[in-house]
Structures are given as C-alpha cells and as structure tokens.
There are 2 protein chains.
Amino acid sequence: MIGHVQPSPVAAAAMADDAPGAAETPRDPWVLDEVGALARETLGERVTAELRALLVAGRLAPGEKLSLRRVAEALGVSMMPVREAVSRLAADGALEVLPGRAVRVPVLTLAQFRELTRLRLVVEGFAAEEAARKATPDQLARIAAHEAAFRQAASAEAPDPAGAVAANRDLHFALYEAAGMPSLIEMIERLWLKAGPILNLDMRHEPRRLKGGRAMQEHEKLLAALRRGDAAAARAALEADIGAAAAHIEQTGQLKESD
Amino acid sequence: MIGHVQPSPVAAAAMADDAPGAAETPRDPWVLDEVGALARETLGERVTAELRALLVAGRLAPGEKLSLRRVAEALGVSMMPVREAVSRLAADGALEVLPGRAVRVPVLTLAQFRELTRLRLVVEGFAAEEAARKATPDQLARIAAHEAAFRQAASAEAPDPAGAVAANRDLHFALYEAAGMPSLIEMIERLWLKAGPILNLDMRHEPRRLKGGRAMQEHEKLLAALRRGDAAAARAALEADIGAAAAHIEQTGQLKESD
DNA sequence: TGTCGTGATCTGTGATCACAGTTAAGTTGG
DNA sequence: CCAACTTAACTGTGATCACAGATCACGACA
C-alpha cells in the first residue's frame, strides 16, 4: 500500500490492458514465494499514479479543467476508476472539484504558495538532515547519478526541460528516501503534488532558468554535505535550492493575488 | 474546505494573459451577496468526515475490519459514498485495503509509530512556534477554554475519557489554527488520522493515565508560553506533551513488533 | 444593439447490477 | 475425532444507468 510507483520517465500513453499472470496454487515452499504477492494494481490506483505523474511533472497546468468522462476515454477505462483517482487527489488538494462545475487543477494564491514553500523548507529540510546522517554509500551513489543527469539536462547547449524536471524530481526523492522514513516521503509527495504544477510548468516554459545554474550549485553543495555527513549544511543547501526556485516563481507572477 | 464559489459569474476567463489591473464592472451592492454559497456537502464528504471523526477519536480500533456494505447500511446511504470515503482515507493511510480481503484500520508497527511521532514533533512543533508568534488574544482565549475543558474532564473524580479526548483534540487544533497555515493543519490532521486510533483508543481504555497529570502540566506550560509569545518554550512544551503520550503508548506494547 | 429567457449538452453524484476472488462455515471421508 | 474438501456467503472492483445542476449557445424581445 505504501508502494508508490517508481519515478519513471513519464510515458502518458494509453494504458493497455495486459493480463496479469494468474496466481498459481502454492503447494510447497517454492522459489516463487520470494517474489511476493505480485502487485495486483487496481485500475483506480493506476489512474491515480498516472494523474500524479502528470501533476508533479507540470504537464497539467493550474486552472486546467478535467472531465471524468474525457479522462476515462483517453485512458481507455471506465469512468469509475477515474472517479476514484480524482477523489483521492482531491482529498490531497492536488485537484479540486468545484460544486456543480468540473474538476480542475487548483490555482494557487500567492499566500498559499508561500505557505507551501515554508512547509517545504521545514519538512524537506528535516528530511535532508536525516538523510545526511543515515545515507548509505549506495544511496549516495544513486543521488549523485541523478545529480549528474540533472546537470547534463540543464547545462546542455539545448536544454531538455522535461528531462531536467524528471531528473530534479528523482534527485530530490532519492535524497528523501535516504532518510528512511516512508511517511515522511508521503508527506513530501503531497507537497510536491500541490506545488508541482506551477513549479514545473514554469521550468518547462522558461528553460533558460536552468542555465542560470543556481539549482546546480545548490545540488552540488548538497551532495558534498551529504558525503561528509554534515546535516546542517545539507539542510542549508536544500533550503537554498527550494528558496531560489520559489523566489523565481514569485517573480513571474503567475499566482493569484488573493482568494 | 474545498468548496469555494467565485462570487462573480461573469469574469472567470482570462487564464492565459490576465492583466492584474483589470477591474470588474462594479455592480450594485446586492443584499444576497452576504449569504455565501450554502454549503452543499456531498454525501461522500459527509461519510468521510464521519469516518475521520471515528478514527481520530479512537473509536475504530487498529485491526478492526470494515465492510463497505455494512458501513453503508449503518449510515443509511448507498455503497457509493462509502467507497469514495474509504478511497480517500486509504489514500491518506488512515485505512488500508488488503488485496482481496477487506478494508481495515491499519495496525502500526513500532517503527512506524516512532516515525509518526518524530514527524509530529517536527511538524506540530513548528506549528506551536508559529502560533506563539502570531496568536491573537481571541485565539488564545479559545485555546485556554479548551485547556480548561480538558483539565475538567481529566481531573474530575470520575474521569470522562471521551470528553478528555475531544477536549485534547480541540485544544491542539485551536493551537495549530493560530498558526494561520491551512495546509499545515491538513498535514497535522493526516498525522492524527494515522496515530489517532492507538493514541486515543488507549486513553479510552486507560483513563487513569489522565490523572497522572503529565498532559495537564505541559498544556499549562504551553499556554503560558503562548501568552508571552515564547516560541521556543511553546515548542518545548508541546514536544514534551507529544513525547510523554508516545512513551506511554510504547510501554503498553500494543504495537506490532515488525512488519 | 443589448439583454434576458430557454433549450440542448455536459458536468459530477448516487444507485444498482455483475463478477472474480477470498473467507468461513458445512459436510464428507478417513 | 480430526483433517480435507466442497459449497455458500461475502468481499472490493468495475460498469452502466438515472438524475439534478451548471454551462453555453442560440434566438426572441425591448
């Protein structure tokens, strides 16, 4: 149940119905017992994961309206699983259903965005501290790999916005995973779900922000801090990263003034 | 929480290029403007609220199994709204749906409970600091009232467990509300939803813990700190309150040993 | 020409039905 | 008397239908 889908390159194609292997009657202790219960993902969960990916990647713009029937048809499923997915995401505040109208991606107020940023500083900052204390060499290597991927996508002559967004997300969540606190990761995912649309939509539209290099600098500092187990420095670097991105968003003025 | 209706039915467009200075045509102040959109609570939301209340109050014990049809019949509604409610709560981790079996209240591992406690210390501690800085006299009075209610319910000759649980919850959330950060409150509600069953189920079964008075002491310190705007002291008192309760729970050993 | 009424169309919400899988009781065979 | 099998009841999941409310476009009236 905790198991979310691995951050994977977003392939938002139609979801084909592949028949999952039927469970064979387990008689004796067998080799296949180790593979555990094969994740019989329900349709609703798959739709939820799909929409989540679209949201954090900024491919659904704030204010964009969704229709249950349209989404259902696009994904090749009935309206039912979509309802469930939208219900969950609406409960998380990642979507909002207006009374009689439609369901849409929330448009954040400036105040709401600032609150979200403050919460991110508190929560993700804590995660960075914890990761600096407990990260294993293996986890550090994974973080470094994503950092390299981000640098490549961001500093290339022709920046790859989508790739940079994905690498940035993978880098951050590899860091948070190193903290070893599943509920903390869920909390952060929820924050990203809310802030993702503006943050990454913007990065998609203004790829030159990437070349500014501020994010890369902080990522580098972060990695160095992690390697020497410096919790305070890791937190500072992450806070600088978050703060810089938030400041840029506020400059663009894509946020609603008030409610 | 979600339902907001735009006051103006006319100017809802302008999503792409919106000039911030564009003022609406001022209509005459109409009497009916004051009556806001009457809260058309959907059935699913009401069921969700009902189950949430039952969970945080500890009236649904960990491991207890629920049946969609049973709950639907008990609440006098169809199975549909219950499905939606369970979907949301399951997405929050407040309930869990086992693959082919039933839906039940999660039984926390010791490790999970400790992680939850740490997160509560971080998040609710931050909320206490913020509240100490920003609480208005009105909000302080409300917190004090709940503190008095808790003291009465806990220190009476015949302790009132249900009343104490409710007063304790009201006290805490009045505090968090004083921080003025809606998303923060949602975050804390989610944490309480997960920890509520064990915390309050125990308080219900062991009312003598109330008479120990540890909670009352910390509540008193907390209130004093709030009144003099001492953020650090407020955080310390709240952390002591949370820590004491958590330590008691761990002693009782109602938690699963491992996964 | 501007404004309001009116109908078609689309929205989410709720109910009912069908189905595969699991659980638990009932029953049979040893 | 106990174990294993069979069957019946119940589980969540998904699909389909019905319905009130909202949106939008077109047309009538002033």
Side-chain angles (χ1 to χ4, degrees), chain A residues 1 15 17-28 37-51 63-91 95-105, chain B residues 2-13 15 25 27-28 37-51 63-91 95-105:
Chain A
M1 116 82 214
M15 302 166 53
D17 283 349
D18 55 338
E24 309 216 349
T25 60
R27 284 263 161 208
D28 296 335
L38 46 90
R40 276 187 325 172
E41 221 176 3
T42 178
L43 265 182
E45 293 174 10
R46 219 174 339 169
V47 176
T48 305
E50 193 69 31
L51 290 181
E64 191 166 343
K65 284 184 294 186
L66 295 182
S67 161
L68 296 188
R69 290 173 174 85
R70 300 285 266 286
V71 176
E73 193 175 1
L75 269 60
V77 299
S78 164
M79 210 173 66
M80 211 55 210
V82 181
R83 268 174 76 171
E84 186 177 330
V86 169
S87 263
R88 295 182 181 178
L89 294 172
L95 292 177
E96 66 179 1
V97 303
L98 292 88
R101 308 178 184 179
V103 30
R104 68 169 194 183
V105 182
Chain B
I2 297 180
H4 266 325
V5 182
Q6 294 283 359
S8 66
V10 275
M15 205 181 63
T25 59
R27 295 194 174 261
D28 297 328
L38 42 91
R40 275 187 326 169
E41 214 178 7
T42 178
L43 264 182
E45 293 174 9
R46 216 176 334 177
V47 175
T48 305
E50 192 71 29
L51 291 181
E64 192 167 342
K65 284 184 295 186
L66 295 182
S67 161
L68 296 189
R69 291 174 174 85
R70 289 275 203 31
V71 176
E73 194 175 0
L75 268 62
V77 298
S78 165
M79 209 173 69
M80 217 47 218
V82 182
R83 269 174 76 169
E84 186 177 329
V86 169
S87 263
R88 295 182 181 179
L89 294 173
L95 291 177
E96 64 178 1
V97 303
L98 293 88
R101 308 176 185 176
V103 30
R104 68 170 194 183
V105 182

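Basis for what follows: all heavy atoms, side chains included, without hydrogens, waters or symmetry-related copies. In the text below, chain A, chain B and the rest are named by the order of the sequence lines, each starting its count at 1.
You'll find the side chain of A:Arg83 reaches within 4.5 Å of the side chain of B:Met80, heavy atoms only.
Applying the salt bridge (Lys or Arg N to Asp or Glu O under 4.0 Å) criterion to A:Arg88, with sequence neighbours excluded, gives A:Glu84.
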For nucleotides 9-18 of chain C, 5' to 3', base contacts (B), sugar-phosphate-only contacts (S) and non-contacts (-) with protein non-hydrogen atoms under 4.0 Å give --BBBBBB-B
Donor-acceptor pairs under 3.5 Å, side chain of residues 68-77 of chain B to any protein atom, not counting sequence neighbours: which ones?
none

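A salt bridge is defined here as a Lys NZ or Arg NE, NH1 or NH2 lying under 4.0 Å from an Asp or Glu carboxylate O, and B:Glu96 with B:Arg104 meets this definition.
Atom CG of A:Leu95 sits about 14.5 Å away from atom NZ of A:Lys65, to the nearest 0.5 Å.
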